[in-house]
Amino acid sequence: MAVIELRNIFKKFGDFVALDDVSFSVDKGELVALLGPSGSGKTTLLRVIAGLERPDSGAVFLEGRDVTEEDPRDRGIGFVFQHYALFKHMTVFENVAFGLRVKPRKVRPSESEIREKVMKLLHLVQLDFLADRYPSQLSGGQRQRVALARALAIEPYILLLDEPFGSLDARVRKELRRWLRRLHDEIQVTSVFVTHDQEEALELADRVVITNQGRVEQIGSPEEVYFNPATPFVFQFLGDVNLFHGRELSSGEIVFIQNETAGIEKKFYVRPNQVSLSLVQSLEHPLQCKVNYINPAGPMVKVEVVDIRGNHILALLTQDDYNRLGLKKNTTVYVGIKEHKVFE
Amino acid sequence: MRIVAQLSNSRKKKFLILAFRFILSLLACSFLVIFIFTPLLAVFSNAFQKGVSFYLEMLKREETISALTLTLGILIIVLPLNVIFGVACAWYVTKYQFRGKRFLVALLDLPFTLSPVVAGTMLVLLYSVNGVLGWVVESLGMKIIFAFPGLVIATLFVTFPFIARELIPVMEEQGSEMEEAGRMLGASGRHIFFRITLPNIKWGLFYGVVLCVARCVGEFGAVSVVSGHIRGKTITLPLEIEILYNEYNLVGAFCLATVLCGTGLLSLILRKWIESSEKVSKRRYFFGD
């Protein structure tokens, strides 16, 4: 059974449509990424699940129960805010203990139980030595982990994270990403996180929900959305793209000749690593170009070439291929396409 | 030769800047001395002109005690009302989006921009026996103008923006993320207010209270209009000072003035103390990973 289920959610802010008929569900124990450019409605969607935002229409079901009208404090959801929203007048310990201390008297744990539980959580996020510090004394990555421990203190059955690595520097971000994945595997809580970073979403999530302009473009596993993008938007959002305007002849042949009138005009979407370069013209490498820019730093060599019409094409070559071709600026090369995608 | 000329030119510039600075600080200092220090000094030196025993006697006079109790009575009623109104108003303005918000905030400044005398006159026009709402007041068997309720309303009108004005920027800067975090952790409205909101605005609130107290105690214009100057009944401390002054008891007037000066100075000292303690709480050390 789905732990989270959204049915036909609409939400407007004034004239701006933030969510436009959004439906999807999340299964127990899954780690799902909401991926989209800024303004695509992903944070609003997360806040709707949490109850911090009420949808104009549509319904939210948690474990089969309609909670659309329920107050966020009764939902039992753990929420990690983008800027952590730590209580700055409390120590790390008190921040984590807050959710336990505000429980109704009947179910509130005793002081010693609180102490034990908080220290256990701080140990889990590897911050037990900072229990007496204030949030302002911590680094970004440490604050992030305190926010996570605080959210976990109420033993939520759903964990929501808004841009969890958004305000961290690149190295800490990658470290924390892997750590979060391990933590998720360890505690197995159903989780949804928001991100605008496609690499983060594809690396971390079991499933990815790609949003654009308030709508869901595609839902699927990282492999599915990467190799079988449903829309041009998804294709372009998940990586660099070369766009070729060409015509497909009835014989199945594809031509990129300017004055050709036979066949149907189509757009061909090609990833840079599916572009191949050759020094001699052939059927496989028909398009004449000139090398414009080379950047060999990194695992792959980035080569930008320009065709006779002035279109820029980006190719990613392995270091071996690059050395074999011996490319230099202004070398004439012939471009071929290994694989392409056409959207009808 | 050109280099030499340039040198002397830059020296001239330096001299001009220094001279300008000197003139500015002289202006500022003399302004402070003439308009602030000297009058303040005069108040205290005049108050003790006839000796300490006269000073103490003035403070122990029946009229003084009654004026002081009246002023404190007004303060005790006005201050809690202002705290409640100020916090509620700042909360509403900063945590919710609604139409006419800017208008409401601008309206908050009305008591600052309006002369207190106008405020007092307005109250008289509204609540006096012949006023617009006079019949309501009369049918309730109450007296507002020339009585204690009028003094309270006049003081309330003049002082109500102080606390809200202090809190709005503080709460605006904090946003509502912390409150939302509290809600997600299961806290009730009461818990959120007392454990999250209040601790984070306490210094702003305290400073607002200090300002409000100083103004409450010192308010003259609006109170003077609605008081009717009934001795022993509607004479507050500032009004008592006026009466003594008009009776040519200058030293007596100054004696009471020291009490008002005292509250003013105390609020300034408290303000400095709050600012420095806030700085201390912000000056925390940063530990990297």
Side-chain angles (χ1 to χ4, degrees), chain A residues 13-14 47 50-53 71-90 94-104 107-108 126 130 133-142 145 147 150-154 156 158-160 162 168-169 171-172 175-176, chain B residues 87 90-91 94-102 166-167 169-208 274-289:
Chain A
F13 293 109
R47 290 172 63 87
L52 293 170
E53 219 71 71
D71 195 273
R73 58 180 291 235
D74 301 322
R75 295 193 186 187
I77 292 178
F79 198 105
V80 178
F81 289 80
Q82 186 179 0
H83 303 291
Y84 320 132
L86 295 177
F87 307 130
K88 55 187 179 187
H89 58 291
M90 296 182 196
E94 286 304 321
N95 262 282
V96 179
F98 185 87
L100 304 171
R101 293 205 196 281
V102 297
K103 276 184 193 247
V107 289
R108 194 187 306 159
Q126 301 154 8
L130 290 178
R133 295 271 176 83
Y134 283 88
S136 58
Q137 297 170 304
L138 307 180
S139 71
Q142 290 168 339
R145 283 181 279 158
R150 182 179 69 176
L152 291 174
I154 57 168
I158 296 168
L159 186 63
L160 305 176
D162 188 5
L168 301 171
D169 61 62
R171 195 181 54 81
V172 181
E175 247 166 56
L176 216 52
Chain B
V87 172
W91 177 282
T94 52
K95 312 272 164 173
Y96 294 93
Q97 293 296 328
F98 56 92
R99 261 180 208 190
K101 185 163 151 175
R102 279 195 185 171
E166 272 308 307
L167 290 182
V170 176
M171 287 167 97
E172 214 145 58
E173 192 200 317
Q174 270 163 11
S176 42
E177 261 204 340
M178 272 193 277
E179 276 90 358
E180 283 183 345
R183 244 167 109 201
M184 290 311 301
L185 291 168
S188 62
R190 187 172 54 93
H191 274 141
I192 289 174
F193 181 74
F194 284 105
R195 294 198 184 197
I196 299 170
T197 309
L198 200 58
N200 280 299
I201 61 168
K202 63 179 177 204
W203 289 118
L205 181 62
F206 187 54
Y207 183 45
I274 291 166
E275 276 172 0
S276 62
S277 65
E278 244 175 314
K279 236 177 255 155
V280 169
S281 69
K282 271 183 194 153
R283 202 200 304 132
R284 291 235 167 84
Y285 301 104
F286 185 82
F287 295 88
D289 263 323

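Just the heavy atoms: all of them, side chains too, but no hydrogens, waters or symmetry mates, feed the values below. Residue numbers begin at 1 in each chain, while the letters A, B, ... track the order of the sequences.
Side chain of A/Arg150 to backbone of A/Tyr84: a donor-acceptor contact under 3.5 angstrom is found.
Ring geometry for B/Phe206 versus B/Trp203: interplanar angle over 60°, hence perpendicular rather than tilted (30 to 60°).
With chain B as partner, the option from A/Lys103, A/Arg101, A/Arg75 having the largest number of non-hydrogen pairs under 4.5 angstrom is A/Arg101.
Atom NZ of B/Lys95 has more than 12 neighbouring heavy atoms from other residues, nucleotides or ligands inside a 6.0 Å radius. Environment of OH in B/Tyr96: sparse, with no more than 12 heavy atoms of neighbouring residues, nucleotides or ligands closer than 6.0 Å.
Interface remark: A/Leu86 contributes backbone atoms only to the contact with chain B (heavy atom separation under 4.5 Å). Heavy atoms closer than 4.5 Å to chain B are found in both the backbone and the side chain of A/Phe87. Using a 4.5 Å cut-off between heavy atoms, A/Ile154 contacts chain B through its side chain alone, with no backbone atom that close. Contact annotation for B/Gln174: only side-chain heavy atoms (C-beta onward) come within less than 4.5 Å of a heavy atom of chain A. Residue contact with chain B, scored on non-hydrogen atoms closer than 4.5 Å, is absent for A/Asp74.
Remark: B/Glu179 CD to B/Asn200 CG distance equals 7.5 Å, nearest 0.5 Å.
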